[in-house]
Protein chains: 2
Amino acid sequence: MSADAEPAPVSAKPPVTLREVAAAAGVSVATASKALNGQGRMTAETRERIRETARLLGFRPNSLAQSLLRKRSFTVGLLTNDTYGRFSLPLMAGVSDALVDKGVSVFLCNVEDDQRLGQLHVEAMLDKRVDGIVATGKRIDRHLPVDLSNLRIPVVYAFTQPDPGAVGLVSDDAGGARLAVEQFLRLGRRRIAHVSGPASFAVVHARAEAYRDVLRENGLATAEPLLGAWSEAWGRDAVARLFGKAGREGWPDAVFCGNDQIARGVIDALRERGIRVPEDVGVIGFDNWEIVAEATRPPLTSIDMNLASLGREAGLALLSLVDGHPAAPGIRKLPCRLVVRQSCGSPPQ
Amino acid sequence: MSADAEPAPVSAKPPVTLREVAAAAGVSVATASKALNGQGRMTAETRERIRETARLLGFRPNSLAQSLLRKRSFTVGLLTNDTYGRFSLPLMAGVSDALVDKGVSVFLCNVEDDQRLGQLHVEAMLDKRVDGIVATGKRIDRHLPVDLSNLRIPVVYAFTQPDPGAVGLVSDDAGGARLAVEQFLRLGRRRIAHVSGPASFAVVHARAEAYRDVLRENGLATAEPLLGAWSEAWGRDAVARLFGKAGREGWPDAVFCGNDQIARGVIDALRERGIRVPEDVGVIGFDNWEIVAEATRPPLTSIDMNLASLGREAGLALLSLVDGHPAAPGIRKLPCRLVVRQSCGSPPQ
DNA sequence: GCGGGTTGGGAAAAGGTTTTCTCAGGGGGA
DNA sequence: TCCCCCTGAGAAAACCTTTTCCCAACCCGC
């Protein structure tokens, strides 16, 4: 029992309470509380003695009791329907990272697309008196299967469509597309194609529009984007369409892809046709999914949506709301980032 | 005030307390509490009246107050160092799913490999009086950067190396390897190669050993497994080694790969050599990472580690520990599952 | 009519902390 | 010397719920 003199908490014993600290220091709990929180008035000596006692005993205030009183639980909920995780996890990690430093913990709530599960999670969070909720989802378009519009706590949407009147953070897809196309232009490419995902996604249109804008601004002809699926197979198909025609002079010298999987399909198909990347055709993807981007041959230049930052910003925005600072509702767009690898080529000499 | 007769909670008003319910029903809080919890004795009529009042007012007990009293917070922590997420997210979703039905919420704690972050999260969880912790990690081998061995709450390890004396759940890698090799044998393959990840991973050895065992049990020659990296590039390299030799008769007719990325590299390299999959060579991967397995040509047969189930089991195991049921420490292995697609071929006619 | 058992319900403590209010004593000014 | 104010610290309420104990009234048998 006493062989271990370290202040290490003896396992399996109940946590030490403020009352015990107060008793050990010979003061009342009120004084002890004030001493530890830097409140109230007392001699510096008393305060120090109490602090020392608390330290020695390994006292840590019971967060539950604090929350009950302060009406702040220092806890938020993170709702997601993306088990698949390519987008969710960096986002979630970002939220968690931003908040842990402020002493705020995050409840993980995976609701899939299940109404019942969503209800269950929201009720559990409310019962546990979370201070706010970050809602995130698979893709900017799909809605979560729960209604968060009439809660008594603030809600921030990240990477998903916000309720009207709510605060939402998303990546600046148009800006990301600009980065890609402008990079091609800078490298001397002039016949730039765009291969993207299904037309049912709003981001597909946002990116396509930016693509067209940049080309127009530079006085270049804009080809109609090829819309299909978010898959490698579609990337390969698209290459067949773009490079199938006989006349080599009509071929693009660059392809901007709607995601990295499409880009991979494009690169594989080009290689199979004997078309060199990046010498003959440059390729840029979207998402910067490292595991894909680094496995393509050559490694894929891609647009990174900075999801971890997005998550951090969402966490901080929520915290600010919780603290009572009002925030303008609406969508805030966070910039993307171009990650250059080898598939886009080097500047012409 | 009364224009809205719905039980919908009026937004931004503080939650209704038991005291208010009791007042509205004309009883004491004690009676109200007992009525709602099915405790104590009272007329059925009284009980029903209180319940109805509570329902009408939209009363939900304050979980914080309950926790304070019961010394159970119905909250657990989920520690992970895998932001990358291929393995983590299904696991985490499994834990969350298993627990939400029991009213238990999960704190998401991303600690990367950062000692400070780990410390911070563990302290936050302890302060918030979590009932237990699920620790999970990138891979079965790497340890989390925190010491959980002397906590006063139960800890369950999932998919990562448990502390000695603790409870751990991992996938049965040897069993999974057996599934793969036996599938090949069933399909008539006889010269089965194994290409896997770095020798520094324990699972690499577990799977390799099972591979050798199955071959030996069937009286077949066992080639030395090729160990390298968890990458496509290594898969391609391995093909060069296996199929580089002149004599076609020495070539394998099946390759069992340590993960799906290696398998993808193998399949790509075989195709580039004009070797047909699955006609000439069957391929089976590991992890059943759908996005990879479905993108290979042909789609990849793979071993699924059932990570969501693993997560669920871990959650339930932790709950059982929290409830005071003792559990035998040590590692429990959960079976893998063979997911057949096209890369392994069909039975010979 | 009386005592014992039962029934329906309430008072109060407990859980751990924060905060407001109160109070005793000491010091300084008049 | 008296009064006032300030200083240091404690008592108690509050947060919300659960649970134990208690009590009054009623019913029953005798």
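As the structure is a computational prediction, the values presented were derived from the model and not from experiment. Order of the sequence lines fixes the chain letters, A, B, ..., with proteins taken first and strands second; residue numbering starts at 1 for each chain.
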> Would you call A:Asp101 and B:Arg116 a salt bridge, using N to O less than 4.0 angstrom?
Replying inline: yes
>> What is the distance, to the nearest angstrom, from the CD atom on B:Gln39 to the P atom on D:dC21?
In response: 15 Å
>> Without decimals, in angstroms, what is the distance between B:Leu69 CG and C:dT17 P?
In response: 15 Å
> Which salt bridge (Lys or Arg N to Asp or Glu O under 4.0 Å) pairs, counting each pair once, include a residue from residues 102-113 of chain B, with sequence neighbours left out?
Replying inline: B:Asp113-B:Lys138
>> Can a donor-acceptor pair be found, under 3.5 Å and without considering hydrogens, that links the side chain of A:Thr136 to the backbone of A:Ala158?
In response: yes
> Separation of A:Lys128 atom NZ from D:dC16 atom P, in whole Å?
Replying inline: 18 Å
> Looking at B:Arg70, does any N or O in its side chain come under 4.0 Å of the phosphate oxygens OP1/OP2 on D:dT18?
Replying inline: yes
Please set out all donor-acceptor pairs under 3.5 angstrom arising from side-chain atoms of residues 320-332 of chain A, sequence neighbours excluded.
residue	atom	partner	partner atom	Å
A:Asp323	OD1	A:Arg72	NH1	3.0
A:Arg332	NH2	A:Glu313	OE1	2.9

>> Let me check the geometry of the helix from C:dG1-D:dC30 to C:dA30-D:dT1. What is the bend angle between the axes at its two ends, five pairs each, to 10°?
In response: 70°
> In whole angstroms, how far is the C1' atom of D:dC16 from the CG atom of B:Leu36?
Replying inline: 13 Å
> Once you round it to whole Å, what is the distance between C1' of C:dG9 and CG of B:Asn37?
Replying inline: 16 Å
> When you check the side-chain N and O atoms of B:Asp82 and B:Thr80, is any donor under 3.5 Å from an acceptor?
Replying inline: no
>> From CG of A:Leu64 over to C1' of D:dT18, roughly how many Å is that when rounded to an integer?
In response: 15 Å
>> Could you work out, with side chain to side chain contact (heavy atoms under 4.5 Å, CB included) as the rule, every residue matching A:Ser63, not counting sequence neighbours?
In response: A:Gln66, A:Ser67, B:Asp127, B:Lys128
>> At less than 4.0 Å, is any side-chain N or O atom of A:Ser33 found next to OP1 or OP2 of C:dT18? Yes or no.
In response: yes
> Looking at the side chain of B:Thr17, which of D:dC16, D:dT18, C:dT17 is the nearest nucleotide?
Replying inline: D:dC16
>> Can you measure B:Glu45 atom CD to C:dT7 atom P for me and round it to whole angstrom units?
In response: 17 Å
>> Strictly by side chain to side chain donor-acceptor pair (under 3.5 Å), give each pair with a member in residues 22-35 of chain A just once, sequence neighbours left out.
In response: A:Ser28-A:Thr31, A:Ser33-A:Asn37
>> What I want to find out is whether B:Arg49 reaches B:Glu52 closely enough, with some N-O distance under 4.0 Å, to be called a salt bridge.
In response: no
>> Please report the distance, rounded to the nearest Å, between CZ in A:Phe74 and P in C:dT17.
In response: 15 Å
> What do the steps show when you test B:Phe59 against B:Leu36 for side-chain contact (heavy atoms from CB on, under 4.5 Å), and what is the final call?
Replying inline: CA-CA 10 Å; B:Phe59 169 76; B:Leu36 296 175; 3.6 Å; yes
Look for any protein N or O under 3.5 Å of an N or O in nucleotides 4-11 of chain D and output each such pair with its distance, or none.
residue	atom	partner	partner atom	Å
D:dG8	N7	A:Arg41	NH2	3.2
D:dA9	OP1	A:Thr46	OG1	2.8
D:dA9	OP2	A:Thr43	N	3.0
D:dA9	OP2	A:Thr46	OG1	3.4
D:dG10	OP2	A:Ser28	N	3.1
D:dG10	OP2	A:Ser28	OG	3.2
D:dG10	OP2	A:Thr31	OG1	2.5
D:dG10	O6	A:Lys34	NZ	2.9

